[in-house]
Amino acid sequence: MNKDLVTEFFNSVAEKWDALEIKSADRVYRILDYAGVAQGMKVLDVACGTGVLVPDYLARNVGEVCGVDISSKMIEIARGKFNFPNVKFICSDVEKLAISGFDVCVVYNAFPHFENPARLIENLSEKLKDGGRLTIAHGMSRDEINNHHKGCPAGISNELMECKKLGELFAPHFTVDVCVEDEIYVVSGIKKQGK
C-alpha cells in the first residue's frame, strides 16, 4: 500500500464524500457504546474524513474531539462544517503526530487503508492514557467492507481481517473485551498499564 495513493484518492473524493456516506444511526450508536464514548472524554478520531462522527461525539457531551486525517481536502471540509471550541482537526499522518492524553481513540470505516496494522495499534496506544480505549470499527460487516474495497483503486486498501486476528494484534498493548462481527465490525480494548 502507498500512503501517497491513499492521500490522493481521498483528496479526489472529498467533495462528494458526505453524499456517498451511508451511516446508520443505530449502528453508530452501538459502535460508540462499545467504544465507551461518554461525557467529558477527550476523543481522538483517526482518519476522521469530513467529520462524520463529530455530531455523534457531541451528542454524548464529550469534552474534546481531535480529528486527524491524511487528506487535506477532507480536513478542509470538516473544518468548514464544525466550528466549535472543543473540536479541532489536524491534517497529518496520525503515526507521525506527537499527541497524547486521550481517553478514547476511534478508527471508524478506515482501518483497511492503513499500511501496517500492528504498527498503527502500537502507535495509537501511545496516544491514549493508561486505561484508555482503542476501538476499530466499521458500520458494515467484514464481508461487506471487503467486497466494497474490491472496487477501490489498487494500492489503497488491505482486506479487513477477522476480528479474532485483529484482537491478537491488540493483545500486546490492550486487553480486548469487544470482538463483534455481525452487521457491524468492532474490536475494542483497554490500554494495559505502562504500554
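Atom CG of Leu124 sits about 10.0 Å away from atom NE2 of His173, to the nearest 0.5 Å. Interatomic distance, Cys163 SG to Ile136 CD1, rounded to the nearest 0.5 Å: 10.0 Å. The CD1 atom of Ile99 sits 8.0 Å away from atom OG of Ser92, with the distance rounded to the nearest 0.5 Å. Within the model, atoms NZ of Lys127 and SG of Cys66 stand 10.0 Å from one another, a figure rounded to the nearest 0.5 Å. The structure places CG of Leu169 at 10.0 Å from CG of Leu120, a figure rounded to the nearest 0.5 Å. The CG atom of Leu160 lies 7.5 Å from the CD atom of Glu181; values are rounded to the nearest 0.5 Å.
Residues Ile77 and Glu15 have side chains in contact (heavy-atom distance under 4.5 Å, counting atoms from C-beta outward). Looking at Ser24 and Glu183, their side chains never come closer than 4.5 Å, going by heavy atoms from C-beta outward. Residues Tyr185 and Glu144 have side chains not in contact (no heavy-atom distance under 4.5 Å, counting atoms from C-beta outward). Side-chain contact between Asn86 and Leu58: present, with at least one pair of heavy atoms (C-beta onward) separated by less than 4.5 Å.
When hydrophobic clusters are built by joining Ile, Leu, Val, Met, Phe, Trp and Tyr residues whose side-chain heavy atoms come closer than 4.5 Å, directly or via intermediates, Met41 is not grouped with Tyr29. Residues Val37 and Tyr108 fall within the same hydrophobic cluster, defined by Ile, Leu, Val, Met, Phe, Trp and Tyr side chains chained together at heavy-atom separations under 4.5 Å. Ile70 and Leu53 fall into different hydrophobic clusters, where Ile, Leu, Val, Met, Phe, Trp and Tyr are joined by side-chain heavy atoms under 4.5 Å apart, directly or via other members.
Between Val106 and Tyr57, the shortest heavy-atom distance links the atoms CB-OH, 3.5 Å. Of all the heavy atoms in Val46 and Cys105, the pair that sits closest is CG2-SG, 3.5 Å. Across every non-hydrogen atom of Ala47 and Ala110, the tightest pair is CB-CB, 3.4 Å. Of all heavy-atom pairs between Phe174 and Gly189, the closest is CD2-O, 3.5 Å. When all heavy atoms of Ile90 and Arg79 are compared, the pair lying nearest together is CA-NH2, 4.1 Å. Contact between Ala78 and Gly49 at its shortest, heavy atoms only, is CB-O, 3.8 Å.
A donor-acceptor pair under 3.5 Å is formed between the side chain of Ser188 and the backbone N or O of Leu134. With Lys164 contributing its side chain and Cys179 its backbone, the two residues share no donor-acceptor pair below 3.5 Å. Within the 3.5 Å criterion, the main-chain N or O of Glu64 finds no donor-acceptor partner in the side chain of Lys42. At distances below 3.5 Å, not a single donor-acceptor pair connects side-chain atoms of Asp69 with backbone N or O atoms of Ile75.
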Using the rule given for side chain to side chain contact (heavy atoms under 4.5 Å, CB included), can you reason through Phe170 versus Lys192, listing the C-alpha separation, both sets of side-chain angles and the distance that settles it, and then say yes or no? CA-CA 10 Å; Phe170 269 56; Lys192 294 178 178 177; over 6 Å; no
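The aromatic rings of Phe82 and Phe89 are tilted relative to each other, their planes meeting at an angle between 30° and 60°.
Just one residue in the list Val62, Val54, Val87 forms a side chain to side chain contact (heavy atoms under 4.5 Å, CB included) with Val43, and that residue is Val62.
Of the charged side-chain nitrogens involved, none lies within less than 4.0 Å of a carboxylate oxygen, so that Asp182 and Arg27 do not count as a salt-bridged pair.
In this structure, Arg133 fails the cation-pi test against Tyr34, since its NZ or CZ atom is not both closer than 6.0 Å to the six-membered ring centre and inside 45 degrees of the ring normal.
Crowding of Lys73 atom NZ: a count of heavy atoms from other residues, nucleotides or ligands under 6.0 Å not exceeding 12. For Lys81, the NZ atom counts as densely surrounded, since its 6.0 Å shell holds more than 12 non-hydrogen atoms of other residues, nucleotides or ligands. At most 12 non-hydrogen atoms from other residues, nucleotides or ligands lie less than 6.0 angstrom from CD of Glu162.
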